[in-house]
K.L.:
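Take this structure, written in structure tokens, and hold onto it; I'll ask about it next.
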Amino acid sequence: MSRFYLTTAIDYVNSRPHLGTAYEKIAADIIARYKRLSGFDTRFLMGNDEHSQNVYKRAVEQKLDPLAYCDQMEQEFRDTWRRLDISFDDFIRTTEPRHTAGVVELARRIHDAGDIFEGTYEGWYCEGCEAFKQEKDLVGGHCPLHPAITPQWISEKNYFFRLSKYQQPLLEHFKTHPEFLQPDVRRNEILRLIEGGLEDISVSRAGQSWGIPLPFDPNSVVYVWFDALINYASAVGLGRDQSMFDAWWPADLHVIGKDITRFHAVIWPAMLMSARLPLPRQVFGHGFMTMNGQRMSKSLGTIVDPIKAADRHGADPLRLYLVKEIAFGGDGDFSWERYDERYNVDLANNLGNLVSRVAAMAHQYRQGRLIPVGASSNRLARVGEEAAASYRRSMDALALHDGAAAAFRIIDTTNEYIAETAPWKLAKDPASADRLTQVLFDAAEAIRLAAVLLTPMMPASSAEILRRVGASSDPLRLDRDARWRGDGERLIAQGGPLWPRFETPKEKISVTENPTPPPPAAPAAPSATSAVSAPGGDRIAIDDFMKVELRVAKVLAAERVPKSTRLLKLHVDVGTEQRTLVAGIAESYEPEALVGKSVVIVFNLKPAKLMGIESNGMVLAASPDGGKAIVVTFEEPPAPGTRVR
RNA sequence: GCCGGAGUAGCUCAGUUGGUGAGAGCACGCGUCUCAUAAGCGCGGGGUCGACGGUUCGAAUCCGUCCUCCGGCACCA
């Protein structure tokens with residue numbers, strides 16, 4: 001039997017999975033289930049990425065051993081995936097010994113190939129800014145912001161991977177394998193990036209303990225990205241079980257988010273080329289999920305909890321909504337309103353109701369037994385066969401949304417067919433007895449066929465529908481079960497509504513009230529003008545707010561960040577000290593215009609590096625949709641350092 | 001700023017190599033059946049196909065310019 005090995009990205013464990021993460025797993029799961037249905041011996045891998053400094057820090061914050069913290073997170077992830085009915089065959093964690101074995105093996109191979117070299121990461125370091133400085137940024141050998149401090153020349157030993165060497169081989173591979181990276185938008189972007197030249201990349205970190213030690217220098221650990229990519233190979237036995245590895249490698253498909261395309265379509269294949277291992281057959285970079293048109297972000301409250309979403313109507317309705325609404329590869333939007341709407345239309349009104357009415361008539365007129373007495377309806381059989389063929393074409397091309405739509409064409413046609421044939425009229429005329437039996441049989445058969453096609457999207461619901469129309473649901477095979485079947489007896493089972501209609505309250509959305517009923521509080525559809533409409537049911541306590549320390553800061557100096565269009569580097573006085581911070585306001589403010597102004601900053605924000613500059617704080621500014629930032633200032637500036645609340 | 005993609009009905013989108021009077025689903029309105037989950041089915045309103053020029057017998061479709069949005073380079077603090 002031919003095999004199919006597919007993977008999703010492994011997830012950082014520094015927060016619980018949100019709907020965007022879940023979307024990727026659901027899509028991959030639908031592909032995996034489709035492949036099984038198509039008769040492939042399928043292996044579906046997922047996992048967690050644990051060797052990140054952020055994970056380490058998060059664990060330390062919670063006073064946990066990093067591994068214990070990761071164990072805890074693994075449970076959270078597994079719980080979510082179970083709730084969403086994700087049928088992974090294997091789940092790998094980068095802290096497992098089997099992964100280490102794979103990393104060691106691959107690192108050794110690349111090292112043996114001469115593609116790892118020792119280098120130093122070095123530069124001028126300004127203690128005042130706590131950042132490395134470019135030579136060109138220094139004025140007379142000193143940092144312009146700290147003329148009194150002499151910058152230090154610091155260097156750190158690192159190992160580098162000779163990525164540059166693989167520019168041509170990668171271009172060649174892209175040329176000969178147009179399917180390697182999909183969709184095409186992604187492919188073109190990456191092609192241009194490769195054409196623009198590749199730089200060697202650092203693959204190790206010195207002086208850290210959280211990570212996998214390099215086999216040829218135990219004082220360094222493998223850089224987290226290099227480490228993470230290898231999971232796809234270590235999970236199928238690289239460096240540990242050669243026969244298993246031979247059986248499953250190369251992977252047929254890596255399903256990933258578009259943000260990490262470079263790693264999967266450039267670095268990863270180059271690593272494999274260096275190690276003389278076959279390349280994965282395809283990388284698919286899916287789009288992002290937005291919530292009511294806005295990027296999912298914690299601070300905006302636009303994170304959707306996949307478990308809450310599944311609890312609202314069920315895991316299957318959620319899966320169907322995501323895959324049918326969003327063209328696979330493109331970005332997609334989630335809104336509770338739209339989710340409810342699709343649930344009612346597709347499932348309650350069309351599919352669910354169709355199952356109910358056919359079952360009811362089969363029982364009312366034929367005691368639940370349907371035996372075909374003549375030829376099937378030409379129309380239904382033809383639409384069914386056509387839809388099944390189009391479904392397979394779409395699914396093979398990973399056009400999952402089209403696949404789902406094809407299945408629903410059968411359902412729509414069956415509803416039309418019932419209206420046309422009007423079985424309740426046939427039932428009144430004894431002369432039409434055979435005709436009635438056949439009509440009901442055909443309707444049941446059409447439902448069966450649609451349910452088979454929908455199995456990857458809605459595994460549990462499809463099984464229940466198949467049971468109700470008297471068809472078997474275990475080991476389904478597309479080549480056998482996705483054909484119109486005009487023979488055989490059907491014992492129809494009745495049951496309650498598969499998906500009760502969901503009634504949305506009629507009153508219009510208001511800003512203060514919780515607009516939508518129970519499960520998750522559905523934020524009112526915000527107009528395009530307000531980016532900050534707080535979800536009514538998701539307020540924070542005063543204590544939460546008090547964690548944020550806002551203070552008045554006076555701008556002492558400001559300059560543009562080189563090569564950046566949006567960033568300004570500010571040097572500010574916060575009363576007790578002076579700080580450097582970076583703000584994304586260069587599009588609306590000239591640096592000179594800010595000097596001397598008093599602004600509000602988040603004082604107790606963790607430092608972050610932007611364009612190589614460490615930013616110690618964040619300037620508050622309004623961010624109108626599509627407009628330019630407006631910094632919060634004062635008519636009468638208080639003394640620097642004054643607390644704002 | 002550079003590169004790429006997109007702008008079609010209130011919303012989400014389809015529209016193959018230019019050619020019958022511009023489509024689908026949802027939402028809305030009307031009608032209708034009664035098997036069914038106030039579901040189904042039928043009909044309908046509504047669009048200067050982003051703007052302006054050009055090529056052509058003919059342009060949503062090809063070309064140019066511009067506007068807006070999105071994405072990547074490259075940065076959400």
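Chain A is the first sequence line, chain B the second, and so forth, proteins listed ahead of strands; every chain is numbered from 1. From a predicted model like this one, the values you see are computed outputs, not experimental measurements.
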K.L.:
I need the CG-C1' distance between A:Leu193 and B:A74, as an integer number of Å.
P.N.:
12 Å

K.L.:
Just wondering, do A:Arg369 and A:Leu491 contact through their side chains at under 4.5 Å, heavy atoms?
P.N.:
yes

K.L.:
Which whole-number value in Å describes the distance from A:Lys428 NZ to B:C35 C1'?
P.N.:
10 Å

K.L.:
What distance, rounded to whole Å, do you find between the two P atoms, one in B:A77 and one in B:G40?
P.N.:
47 Å

K.L.:
So which nucleotide does B:A60 pair with, by the Watson-Crick or G-U wobble rule with both distances under 3.5 Å?
P.N.:
none

K.L.:
From the options B:A36, B:G40, B:U37, select the nucleotide whose nearest atom is closest to the side chain of A:Leu498.
P.N.:
B:U37

K.L.:
For A:Arg501 and A:Asn353, which I'm curious about, is there any donor-acceptor pair between the side chains at under 3.5 Å?
P.N.:
no

K.L.:
If you define the side chain from C-beta out and look only at heavy atoms, does anything of A:Ile411 sit under 4.5 Å from A:Leu454?
P.N.:
yes

K.L.:
Kindly say whether the aromatic ring centers of A:Phe334 and A:Tyr23 come within a distance under 6.0 Å.
P.N.:
no

K.L.:
Please determine, for the side chain of A:Arg501, which listed nucleotide (B:A36, B:U34, B:A39) has the closest atom?
P.N.:
B:A39

K.L.:
Which one is paired to B:G7, where only Watson-Crick or G-U wobble pairs with both distances under 3.5 angstrom count?
P.N.:
B:C67

K.L.:
Could you identify which residues of residues 261-269 of chain A place a heavy atom less than 4.0 Å from some atom of RNA chain B, listed by residue number, or say none?
P.N.:
A:Arg262

K.L.:
Mind checking whether A:Leu370 and A:Ile492 have side chains closer than 4.5 Å, heavy atoms only?
P.N.:
yes

K.L.:
A:Arg192 side chain N/O closer than 4.0 Å to the phosphate oxygens (OP1, OP2) of B:C3?
P.N.:
no

K.L.:
Does OP1 or OP2 of B:G40 have a side-chain N or O of A:Asn349 closer than 4.0 Å?
P.N.:
yes

K.L.:
Which is true for A:Pro500 with a 4.0 Å heavy-atom rule: it touches a base, it touches only sugar-phosphate, or it touches nothing?
P.N.:
base

K.L.:
Within less than 4.0 Å of OP1 or OP2 of B:A39, is there a side-chain N or O belonging to A:Asn350?
P.N.:
no

K.L.:
What I want to check is whether an N or O donor and acceptor connect the side chain of A:Asn353 with the base of B:A36 at under 3.5 Å.
P.N.:
yes

K.L.:
Using whole Å, report how far CZ of A:Arg468 lies from P of B:A36.
P.N.:
15 Å

K.L.:
To the nearest Å, give me how far apart CE (A:Met361) and P (B:G40) are.
P.N.:
14 Å

K.L.:
When you match A:Gly352 and A:Asp412 each to their closest nucleotide on RNA chain B, which lands nearer the 5' end?
P.N.:
A:Gly352

K.L.:
Could you state the OH-C1' distance from A:Tyr417 to B:G40, rounded to the nearest angstrom?
P.N.:
16 Å

K.L.:
Could you work out the separation of B:G4 and B:C49 based on their P atoms and round it to a whole Å?
P.N.:
27 Å

K.L.:
Which part of the nucleic acid does A:Ala348 contact within heavy-atom distance under 4.0 Å: base, sugar-phosphate only, or nothing?
P.N.:
base

K.L.:
Find the distance A:Glu420:CD to B:G42:P and express it as a whole number of Å.
P.N.:
8 Å

K.L.:
Say you pick atom P in B:C75 and the same atom in B:C63; how far apart are they, in whole Å?
P.N.:
32 Å

K.L.:
Expressed as a whole number of angstroms, how long is the span from A:Asp259:CG to B:G72:P?
P.N.:
9 Å

K.L.:
Just checking A:Arg342: base, sugar-phosphate only, or nothing, at a heavy-atom cut-off of under 4.0 Å?
P.N.:
sugar-phosphate

K.L.:
Do A:Ser461 and A:Asp316 have side-chain N/O donor and acceptor atoms under 3.5 Å apart?
P.N.:
yes

K.L.:
Is atom CZ of A:Arg366 surrounded by more than 12 heavy atoms (other residues, nucleotides or ligands) closer than 6.0 Å?
P.N.:
yes

K.L.:
For atom C1', what is the distance between B:U61 and B:G23, given to the nearest Å?
P.N.:
15 Å

K.L.:
Whole angstrom is fine here: how far is it from CZ in A:Arg338 over to P in B:C13?
P.N.:
9 Å

K.L.:
Where the side chain of A:Pro497 is defined as all heavy atoms beyond and including C-beta, which of B:U37, B:A39, B:C41 is the nearest nucleotide?
P.N.:
B:U37

K.L.:
Paired with B:G21: which nucleotide, if any, by Watson-Crick or G-U wobble criteria at under 3.5 Å for both distances?
P.N.:
none

K.L.:
Any idea which of B:C41, B:A36, B:C35 is nearest the A:Tyr365 side chain?
P.N.:
B:C35

K.L.:
Please report the distance separating the C1' of B:U56 from the corresponding atom of B:C66, rounded so that it comes out in whole Å.
P.N.:
23 Å

K.L.:
What I want to find out is whether A:Glu189 reaches A:Arg186 closely enough, with some N-O distance under 4.0 Å, to be called a salt bridge.
P.N.:
no

K.L.:
Considering only atom P, compute the distance from B:A24 to B:C33 and round it to an integer number of Å.
P.N.:
25 Å

K.L.:
Can you confirm if the aromatic rings of A:Tyr343 and A:Tyr321 lie within a centre distance of less than 6.0 Å?
P.N.:
no

K.L.:
Return the nucleotide paired to B:U16: Watson-Crick means purine N1 to pyrimidine N3 with N6-O4 or O6-N4, wobble means G-U with N1-O2 and O6-N3, both under 3.5 Å.
P.N.:
none

K.L.:
Is there side-chain contact between A:Leu453 and A:Phe408, with heavy atoms separated by less than 4.5 Å?
P.N.:
no

K.L.:
When you match A:Gln364 and A:Ile411 each to their closest nucleotide on RNA chain B, which lands nearer the 5' end?
P.N.:
A:Gln364

K.L.:
Which of the following nucleotides, B:C41, B:A77, B:U34, is nearest to the side chain of A:Glu416?
P.N.:
B:C41

K.L.:
Looking at every strand, decide which applies to A:Leu354 at a 4.0 Å heavy-atom threshold: base, sugar-phosphate, or nothing.
P.N.:
nothing

K.L.:
Looking at B:C76, which nucleotide sits across from it as a Watson-Crick or G-U wobble partner, both distances under 3.5 angstrom, or is there none?
P.N.:
none

K.L.:
Counting only Watson-Crick or G-U wobble pairs whose two distances fall under 3.5 Å, which nucleotide matches B:C30?
P.N.:
B:G42

K.L.:
If we take the C1' atom in both B:U16 and B:A59, what is their distance in whole Å?
P.N.:
16 Å

K.L.:
Taking the P atom in each of B:C26 and B:G21, what is the distance between them to the nearest angstrom?
P.N.:
27 Å

